[in-house]
Amino acid sequence: MSQTTTWNSQSAPAHDQTPEAEWWRSSTIYQVYPRSWVDSNGDGVGDLPGITSKLPYLRDLGVDALWISPFYRSPMADAGYDVADYRDIDPLFGSLSDADDLIARAHELDLRVIVDLVPNHSSDEHEWFKAALAAGPGSPERERYMFRDGKGENGEEPPNDWKAIFGGNAWTRVTDADGNPEQWYLHLFDPKQPDFNWNNEAVREEFLSILRFWLDRGVDGFRVDVAHSLVKADGLPDHSAHAKMAGLSDANHDNGGPMWDQDGVHEIYRAWREVLDSYNPVDDERYDSAGDRAMCAEAWVNPPERLARYVRPDEFHQAFNFAFLETPWRASDLRESIASSYASNDAVGAPTTWVLSNHDVVRHATRLALPIGEPRPNGIRAEDPQPDAALGLCRAKAATALELALPGGAYLYQGEELGLPEHTTMADEARQDPTWERSEHTEAGRDGCRVPMPWAKDAPSFGFGSGDAPWLPQPDVYGDLAVDQQDGVPGSTLEFYRHMLRERRARRLGEGALTWVEGPADTVAFVNSRDGHEDLWCVTNFGGATTLPDDAVVVVRSDERDDLTVPTDVTVWFTRA
Ligand code: BGC
Ligand code: MG
């Protein structure tokens with residue numbers, strides 16, 4: 001049913017064309033979760049040689065870079081986000097020379113490599129933490145972490161009331177060599193992830209050195225874990241609310257606590273930026289734009305003006321736009337979210353960095369089928385209501401097409417190009433996310449989005465590795481969604497992603513200006529324009545079926561029709577004849 005509309009665009013753009021050509025302003029970056037991408041040695045866990053072997057897949061997909069979640073030495077209490085040695089690869093994933101090979105091969109294929117840096121905490125098996133335990137209260141070794149005496153007559157109560165993100169107390173009491181209880185240490189996450197003391201000069205120096213270590217090995221940048229938590233409020237005041245972080249727990253978006261977004265974090269990142277800038281080549285011929293090294297903040301910070309402080313010109317290059325990820329699937333909310341993101345980041349000259357899925361949230365092919373406007377769950381269990389897979393995929397494709405038409409950078413999460421749903425029926429016994437145990441089985445946790453990739457329907461573990469027992473079980477539906485079932489198949493989600501990424505690159509959409517369009521009711525519609533390129537129109541329909549203007553020439557659409565109709569939950573890119 002068509003409606004009368006004007007399809008007029010506003011006179012002034014809501015976001016201007018990007019004048020600078022730095023790659024990170026407009027790139028699409030693919031997140032590899034190394035445990036779950038390709039297992040080359042059949043031990044059931046993905047590894048670095050596995051990643052290297054599939055880099056051509058990423059080149060052919062059409063992304064510009066990959067971000068690899070942590071691969072460092074680790075006891076794996078939080079799947080590698082508990083680092084025991086920041087300068088070595090865990091044997092489970094390979095060796096430093098495997099990392100060198102990966103970086104070299106990626107560069108040959110014109111793919112940049114971003115590694116994950118975890119500065120808020122180390123593993124409790126890090127040499128520094130072991131030394132801190134051994135050296136005892138008052139020692140310089142203890143000063144590198146957050147040790148405090150307990151409250152109460154005998155120090156038997158924790159120093160304050162903070163709770164850990166994964167559940168339970170944020171403080172754990174240690175015992176001395178004779179087994180007597182003594183001080184407590186802070187861990188915002190698992191007890192095996194003690195928080196560093198970022199007021200300590202040795203900690204600051206150490207991380208500058210770690211940055212250099214990886215920059216010297218040729219990495220193109222860093223994704224920085226919980227970038228908003230390094231500095232805690234002076235005196236560590238009580239915080240009556242639960243110390244939850246929006247991204248990792250239920251939707252208590254309580255990021256105003258004394259552990260989040262303290263003003264003191266910014267000077268840390270200014271020092272890091274100086275290090276990165278000192279590596280930025282002036283005449284690197286490998287790339288057609290500056291070969292800058294870049295860093296991206298994982299900071300669950302609201303409102304957007306607070307987040308924009310992380311991407312001021314002398315701090316981070318990018319910060320994930322999690323507000324967009326969390327915006328309800330409604331035209332008005334999305335328009336508002338997109339507009340406020342541009343307004344805040346444009347004010348500091350930073351790009352906006354779109355993201356819909358990662359290893360911490362329910363995959364968007366499943367999430368978007370959940371009741372609209374309700375808090376996002378931390379995992380879904382078999383006993384929970386099961387979301388409608390077809391609806392989820394339909395909306396996910398529309399959401400990604402909207403995302404990739406927007407100026408700015410974008411991160412894709414491994415497997416979303418196959419339309420992978422969350423594993424929502426995983427047996428509880430298989431769960432590995434510490435959240436499951438620490439929350440006393442009240443939150444399923446993040447395993448459902450971390451399931452190994454299906455590459456081939458009829459191979460063991462769907463081609464993930466030669467072993468038949470991957471570290472997390474794969475749901476049966478992953479077989480039909482495997483790469484070999486979609487490769488070259490018209491109408492498949494994989495070919496849809498390839499097509500979008502090709503068009504996005506050829507048309508330089510990441511660098512465009514955005515002007516809102518008055519489309520039919522219940523749509524998000526805009527024009528993306530770049531000098532020297534045709535205007536690209538994008539419409540996402542949240543209401544009843546509508547139609548494109550008569551002169552529309554379709555470039556991309558998230559469904560398979562071939563007329564000018566735009567059904568509900570569909571995005572279309574088009575030009576005007
Ligand atoms: C990472 C999580 C991790 C946490 C603690 C995050 O935000 O993305 O996967 O559990 O930091 O390091
Ligand atoms: Mg392996």
Side-chain angles (χ1 to χ4, degrees), residues 31 33-54 67-72 74-84 86 89-95 98 115-124 126 164-167 170 187-196 222-230 243-249 255 259-260 296-301 319-320 322 325 355 357-361 378-379 411 413 432-436 438-439 443 445-447 449-450 452-453 460-461 464-472:
Q31 179 187 358
Y33 193 65
R35 305 176 74 81
S36 296
W37 208 51
V38 185
D39 170 21
S40 73
N41 61 359
D43 65 355
V45 182
D47 43 52
L48 299 190
I51 297 175
T52 306
S53 73
K54 291 286 190 190
W67 148 37
I68 310 173
S69 282
F71 46 35
Y72 311 104
S74 164
M76 306 288 165
D78 183 21
Y81 282 94
D82 49 319
V83 179
Y86 291 86
I89 305 293
D90 196 276
L92 194 60
F93 297 133
S95 64
D98 292 330
V115 298
D116 207 314
L117 194 65
V118 189
N120 179 69
H121 45 265
S122 70
S123 161
D124 65 338
H126 190 285
I165 308 295
F166 297 154
H187 50 84
L188 290 184
F189 295 87
D190 194 80
K192 285 186 68 64
Q193 293 168 297
D195 280 47
F196 281 116
F222 302 91
R223 174 267 189 192
V224 177
D225 196 58
V226 275
H228 59 314
S229 63
L230 275 48
K244 289 200 171 198
M245 183 169 95
L248 290 181
S249 48
N255 51 20
M259 63 294 288
W260 306 127
C296 178
E298 187 222 15
W300 295 82
V301 167
F320 293 113
F322 292 127
L325 181 155
V355 60
S357 279
N358 65 30
H359 66 293
D360 290 327
V361 302
N378 188 1
Y411 279 73
Y413 179 49
Q432 314 237 353
D433 181 351
T435 305
W436 173 240
R438 300 277 306 161
S439 72
E443 295 189 15
R446 303 159 291 171
D447 295 301
C449 64
R450 299 175 172 181
M453 271 280 281
S461 66
F464 164 64
S466 55
D468 49 17
W471 73 285
L472 281 177

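Both counts, for ligands and for their atoms, begin at 1 and track the order of listing. In this chain, numbering begins with 1 at the start of the sequence shown.
By the 30° and 60° cut-offs, the orientation of the rings of Y86 relative to Y72 is tilted.
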- [ ] Mind running salt bridge (Lys or Arg N to Asp or Glu O under 4.0 Å) on R446 and D78 for me, showing each step along the way?
- [x] CA-CA 11 Å; R446 303 159 291 171; D78 183 21; 3.3 Å; yes

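Set against the non-hydrogen atoms of R450, the atoms of ligand 1 under 4.0 Å away are 9 (O). For ligand 1 and H359, the ligand atoms under 4.0 Å from any heavy atom of the residue are 1 (C), 2 (C), 8 (O), 9 (O). For ligand 1, the atoms sitting less than 4.0 Å from at least one non-hydrogen atom of D78 are 3 (C), 4 (C), 5 (C), 10 (O), 12 (O), numbered in the order shown with element in parentheses. Near R446, meaning under 4.0 Å from one of its heavy atoms, ligand 1 places the atoms 2 (C), 3 (C), 9 (O), 10 (O). Counting the atoms of ligand 1 from 1 in the order shown, those under 4.0 Å from a heavy atom of H121 are 5 (C), 12 (O).
The shortest distance between side-chain heavy atoms of F71 and D90 does not fall below 4.5 Å. Two residues are said to be in side-chain contact when any heavy atoms from C-beta on lie closer than 4.5 Å; D82 and H121 fail this criterion. Residues M453 and Y33 have side chains not in contact (no heavy-atom distance under 4.5 Å, counting atoms from C-beta outward).
For the pair W67 (side chain) and R223 (backbone), a donor-acceptor distance under 3.5 Å is absent.
Residue H228 places no heavy atom under 4.0 Å from ligand 1. By the 4.0 Å heavy-atom criterion, W300 is excluded from the residues contacting ligand 1.
At least one N/O/S atom of N41, from backbone or side chain, sits under 2.8 Å from the Mg ion (ligand 2). With a cut-off of 2.8 Å, the Mg ion (ligand 2) has an N, O or S atom of V45 in range.
Residue-level proximity to ligand 1 for H187 is absent, since no heavy atom of it falls below 4.0 angstrom. Contacts between F166 and ligand 1, counted as non-hydrogen atom pairs separated by less than 4.0 Å, involve the side chain only.
A donor-acceptor pair shorter than 3.5 Å can be found between the side chains of D47 and S40. Side chain to side chain, S69 and Y81 meet the donor-acceptor criterion of an N or O pair below 3.5 Å.
Taking the N/O/S atoms of D47 in turn, the shortest distance to the Mg ion (ligand 2) belongs to OD2. Taking the Mg ion (ligand 2) as reference, D43 places its N/O/S atom OD1 nearest. Distances from the Mg ion (ligand 2) to each N, O or S atom of D39 single out OD1 as the nearest.
The minimum heavy-atom distance linking F189 with A164 is given by the pair O-CB, 3.2 Å.
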